[in-house]
J.: 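The following block contains the structure, expressed as structure tokens.
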Amino acid sequence: MHMNLSTAFKTARRAKQAGFTLIELLIVMVIIGLLAALVGPRLFGHLGKSEIKAAKAQIEMIGTALDGCRLDLGRYPTTEEGLKLLWAKPENPDIAAAWHGPYLKKAVEKDPWGNPYVYKAPGEHGDYDLSSLGKDGKDGGEDENADIRNWE
């Protein structure tokens, strides 16, 4: 089989021009959009649940650190001292002598939604009250906006 030179060039040119048409690209984009619409809400639902679990775990971790601090100082940090006493050495020399921290490796001042944890000692529900106000940062709420508390 013999092919002349012009036929070879035409074949090579067609191979270079081969690709996707605009219609094919639009169909692929529509399919990707449909998949994202189906999968996206499920993923975001899990994200909200994971933030709640993270807040609960952080409250437990802070509670353990507070217990360690209490063992050294003989009391929980006051509301005024706050949670900062768990990672920063106090300036008061009397407290600093008994302080053997840090009780947390790093500062945990904010919950997974970026809101500050609410700490009160002595607490209304125990030696201390520690809570996250949830995603909305307000008292009360449901689902992701629900408060997460150490006494519940």
Side-chain angles (χ1 to χ4, degrees), residues 13-152:
R13 190 178 306 147
R14 279 191 206 120
K16 285 183 183 178
Q17 292 176 348
F20 296 108
T21 64
L22 182 60
I23 298 293
E24 291 170 328
L25 289 175
L26 287 173
I27 291 171
V28 169
M29 289 175 62
V30 167
I31 291 171
I32 290 172
L34 289 171
L35 287 173
L38 292 172
V39 175
R42 290 185 183 192
L43 290 177
F44 288 121
H46 289 295
L47 178 64
K49 290 178 186 175
S50 66
E51 288 171 332
I52 292 169
K53 288 179 183 177
K56 287 179 180 180
Q58 285 179 346
I59 286 176
E60 286 290 324
M61 178 185 64
I62 293 169
T64 301
L66 285 165
D67 291 340
C69 184
R70 180 179 168 263
L71 288 173
D72 290 344
L73 301 181
R75 63 174 177 78
Y76 288 104
T78 64
T79 303
E80 293 76 29
E81 292 168 331
L83 298 175
K84 184 178 180 184
L85 194 62
L86 299 177
W87 59 82
K89 190 170 186 170
E91 293 179 16
N92 182 330
D94 295 331
I95 299 171
W99 189 84
H100 294 96
Y103 303 95
L104 289 174
K105 291 182 180 182
K106 62 180 183 173
V108 183
E109 297 173 319
K110 299 193 178 208
D111 64 18
W113 299 280
N115 302 316
Y117 279 106
V118 180
Y119 175 73
K120 183 178 177 184
E124 296 174 11
H125 305 279
D127 293 327
Y128 66 88
D129 292 349
L130 179 61
S131 62
S132 163
L133 297 177
K135 185 176 183 178
D136 63 356
K138 298 176 184 173
D139 221 4
E142 296 178 7
D143 300 322
E144 288 181 56
N145 295 328
D147 299 345
I148 300 165
R149 303 177 176 124
N150 71 315
W151 64 88
E152 291 179 345

J.: Taking all heavy atoms of Tyr117 and all of Leu83, pick out the closest pair and write down the distance.
T.: CB-CD1, 4.1 Å

J.: Just verifying a value: how many Å separate Glu60 CD and Asn150 CG, rounded to the nearest 0.5 Å?
T.: 8.5 Å

J.: Measure the spacing between CD1 of Ile59 and NZ of Lys56 and express it to the nearest 0.5 Å.
T.: 9.5 Å

J.: Determine whether Asp147 and Val118 satisfy the following criterion, side chain to side chain contact (heavy atoms under 4.5 Å, CB included), listing intermediate values before the conclusion.
T.: CA-CA 10 Å; Asp147 299 345; Val118 180; over 6 Å; no

J.: For Pro112 and Gln58, work out which heavy atoms get closest and say how close.
T.: CD-OE1, 3.7 Å

J.: Could you list the residues that satisfy side chain to side chain contact (heavy atoms under 4.5 Å, CB included) with Ala146, not counting sequence neighbours?
T.: none

J.: Calculate, to the nearest 0.5 Å, the distance between atoms CG and CD1 belonging to Asn145 and Ile52 respectively.
T.: 9.0 Å

J.: If you take all heavy atoms of Asp127 and Tyr76, which pair is closest and at what distance?
T.: CB-CE1, 3.3 Å

J.: Could you label the plane-to-plane angle of the His125 and Trp151 rings as parallel, tilted or perpendicular, counting under 30° as parallel and over 60° as perpendicular?
T.: parallel

J.: How close do Gly82 and Pro77 get, counting heavy atoms only, and between which atoms?
T.: O-CB, 3.5 Å

J.: Looking only at heavy atoms, which two atoms of Arg149 and Ser131 are closest? And how far apart?
T.: CG-CB, 3.7 Å

J.: Do the side chains of Asp136 and Lys138 get close enough for a salt bridge, i.e. N-O under 4.0 angstrom?
T.: no

J.: Backbone N or O of Asp111 within a donor-acceptor pair of the Asn115 side chain at under 3.5 Å?
T.: no

J.: Do other residues, nucleotides or ligands put more than 12 heavy atoms under 6.0 Å from Glu24 CD?
T.: yes

J.: By side chain to side chain contact (heavy atoms under 4.5 Å, CB included), which residues pair with Leu22, not counting sequence neighbours?
T.: Leu26

J.: Enumerate the side chain to side chain donor-acceptor pair (under 3.5 Å) contacts for residues 85-106, please, sequence neighbours excluded, ordered by first and then second residue.
T.: Asp72-Tyr103

J.: Shortest non-hydrogen contact from Ile95 to Pro90?
T.: CG2-CG, 3.5 Å

J.: Please report the interatomic distance CD(Glu81) to OH(Tyr119), rounded to the nearest 0.5 Å.
T.: 8.0 Å

